2 protein chains.
Amino acid sequence: MPVQHSASLAVPAAQPRGDQCPIDRTLGVVGSRPALLLLREAFYGARRFDDLARGVGVSDAVAAQRLKELVAAGVLEKEPYQEPGQRTRHEYVLTEAGHELLPVVLGLLAWGERHAAGARTSITASHADCGAPVEPVLMCAEGHRVAEDDVLVTAARRQPARQSAR
Amino acid sequence: MPVQHSASLAVPAAQPRGDQCPIDRTLGVVGSRPALLLLREAFYGARRFDDLARGVGVSDAVAAQRLKELVAAGVLEKEPYQEPGQRTRHEYVLTEAGHELLPVVLGLLAWGERHAAGARTSITASHADCGAPVEPVLMCAEGHRVAEDDVLVTAARRQPARQSAR
DNA sequence: ACGCTGACTTTGGCTAGGCATAGCCAGGAG
DNA sequence: CTCCTGGCTATGCCTAGCCAAAGTCAGCGT
């Protein structure tokens with residue numbers, strides 16, 4: 001017997017692909033390196049264009065382009081603000097939807113810490129209350145911790161009928 | 001005090017960027033669309049080259065290239081297998097490290113379901129035992145559910161001393 | 001021994017996306 | 001009213017990545 005993991009997830013039937021797959025759709029929004037890194041900066045607290053662009057290390061043009069896409073996708077919001085003695089500026093803040101991408105970002109962080117060796121520094125996410133390291137863990141709405149092979153993936157047609165006039 | 005969510009994460013000091021950031025390093029491995037989609041296929045149970053490539057919808061060349069990278073990064077392993085009456089083949093199986101990317105993939109899935117509208121079908125990950133929907137949730141090693149502002153992000157130098165002869 | 005099939009590899013052409021540099025614009029400071 | 005600064009926008013070049021199509025290769029079946 002070689003290894004235990006067969007198909008990991010329980011996938012009884014074929015799932016939709018292409019633009020019908022929510023994973024693919026999400027990747028259309030945050031599927032590029034600059035986009036994810038901008039998100040990282042936003043989670044680190046950056047709000048101003050310069051800080052975001054600088055932190056990611058891309059040119060202004062790319063930063064502007066990606067930020068525009070993230071705003072269009074509803075991940076970030078552009079809001080006016082004013083520092084005392086300064087003119088009105090705009091800052092980029094995470095929306096509710098943006099905040100919900102935190103598990104993904106921290107998942108990448110945790111994986112990189114564990115498996116992408118070579119960095120001379122390590123970044124740790126820990127629980128402010130107890131100091132223990134934090135990671136995304138699979139849980140169901142009932143509050144059970146879910147193992148990989150207990151995850152059942154199913155597809156369903158959305159809104160069968162009711163295509164009434166708006 | 002304008003909005004409630006200020007910096008979401010608690011980040012007391014600057015974090016390393018570029019290739020010193022584990023998020024960035026992880027993106028170097030799975031930071032492209034085809035790579036993530038190949039991973040999706042692997043989680044769905046695909047193991048053969050053709051199935052993986054077909055499921056992602058890219059050309060053979062791209063699939064081969066990305067698979068090679070994923071193998072090199074230790075996410076997939078190439079193993080020989082033999083179906084009865086068939087010649088020896090190789091299949092791609094998720095390694096331990098590969099399996100640990102599941103929270104990221106399911107995070108993308110969950111987010112897409114909730115925020116990337118437009119698909120006519122929905123994919124749901126549910127708990128096989130109780131049927132409730134499954135999502136990645138932030139938890140610390142002590143077992144506490146961690147809220148966003150209770151996540152403390154800190155950097156540390158790896159291997160403090162031992163900077164002996166190079 | 002030959003052919004077929006699955007699994008790649010190679011080649012050539014094309015497009016998206018990146019960078020650098022420079023230019024533009026708004027608006028408080030002076 | 002002009003200057004200055006942060007925040008973009010525009011231009012030109014250059015590379016990475018993609019696709020399609022064709023070629024290669026291993027080895028079981030006949």
Side-chain angles (χ1 to χ4, degrees), chain A residues 17-19 21 24-25 27-42 45-73 75-93, chain B residues 17-19 21 24-25 27-42 45-73 75-93:
Chain A
R17 305 290 148 94
D19 62 355
C21 171
D24 208 340
R25 296 179 142 264
L27 290 178
V29 175
V30 294
S32 75
R33 192 185 168 84
L36 248 329
L37 294 182
L38 283 169
L39 213 49
R40 173 192 71 185
E41 294 305 315
R47 294 164 161 238
R48 285 177 37 199
F49 180 89
D50 257 25
D51 294 338
L52 289 159
R54 204 91 45 79
V56 172
V58 294
S59 67
D60 287 4
V62 172
Q65 175 65 25
R66 294 282 161 266
L67 284 172
K68 207 183 293 178
E69 291 170 10
L70 289 173
V71 169
V75 172
L76 296 177
E77 239 168 6
K78 205 172 172 179
E79 291 195 355
Y81 76 106
Q82 186 154 22
E83 281 178 18
Q86 295 287 312
R87 53 181 267 224
T88 312
R89 294 276 157 68
H90 292 272
E91 60 181 359
Y92 295 89
V93 276
Chain B
R17 306 290 148 96
D19 62 355
C21 171
D24 210 341
R25 296 177 142 264
L27 289 178
V29 175
V30 294
S32 73
R33 189 185 169 85
L36 248 329
L37 293 182
L38 283 170
L39 212 49
R40 175 193 69 184
E41 295 305 316
R47 293 163 161 238
R48 287 177 36 198
F49 180 89
D50 257 25
D51 293 337
L52 289 160
R54 206 89 46 80
V56 172
V58 295
S59 68
D60 287 4
V62 172
Q65 175 65 26
R66 294 282 162 267
L67 284 171
K68 207 184 291 176
E69 291 170 12
L70 289 172
V71 169
V75 172
L76 295 176
E77 240 169 6
K78 205 172 171 179
E79 290 194 357
Y81 76 105
Q82 187 154 23
E83 282 178 18
Q86 295 287 313
R87 52 182 269 223
T88 311
R89 295 276 158 68
H90 293 272
E91 59 180 1
Y92 295 90
V93 277

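Quick caveat, the model's predicted, so the values are computed rather than measured. Heavy-atom basis, side chains included; hydrogens, waters and symmetry copies ignored.
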[X]: side chain to side chain contact (heavy atoms under 4.5 Å, CB included) partners, not counting sequence neighbours:
| X | value |
| --- | --- |
| A64(A) | F49(A) |
| K78(B) | H90(B), Y92(B) |
| D19(B) | none |
| R54(B) | D50(B) |

Could you tell me whether the side chain of V93(A) reaches within less than 4.5 Å of the side chain of R47(A), counting heavy atoms only? yes
Is there a side-chain contact between D51(B) and E41(B), using heavy atoms and a 4.5 Å cut-off? no
Hey, where does DNA chain C pair up into stems, meaning at least three consecutive Watson-Crick or G-U pairs with distances under 3.5 Å? C:1-30 with D:1-30
I need a per-nucleotide contact map over nucleotides 25-30 of chain D, read 5' to 3'. Cutoff is protein heavy atoms under 4.0 Å; write B for the base, S for backbone only, - otherwise. -BSSS-
When every nucleotide of nucleotides 8-21 of chain C is labelled 5' to 3' by its protein contacts under 4.0 Å (heavy atoms), B for base, S for sugar-phosphate only, - for none, what sequence of letters results? BSB------SSS--
If we check side chain to side chain contact (heavy atoms under 4.5 Å, CB included) with L52(B), which of these qualifies: L76(B), L38(B), L39(B)? L38(B)
Check whether any side-chain nitrogen or oxygen of R48(A) sits under 4.0 Å from OP1 or OP2 of dG7(D), and answer yes or no. yes
Check side-chain hydrogen bond (donor to acceptor under 3.5 Å, both in side chains) between E69(A) and all other residues, then give those that pass, not counting sequence neighbours. Q65(A), R66(A)
What residues, two or more places apart in sequence or in another chain, satisfy side-chain hydrogen bond (donor to acceptor under 3.5 Å, both in side chains) together with R40(B)? none
Can you check the R89(B) CZ to dT5(C) C1' distance for me, whole Å? 7 Å
Within this structure, what is the CZ-to-P distance between R54(B) and dT5(C), rounded to whole angstrom? 14 Å
Which atom names give the shortest non-hydrogen contact between L70(B) and V29(B), and what distance separates them? CD2-O, 3.9 Å
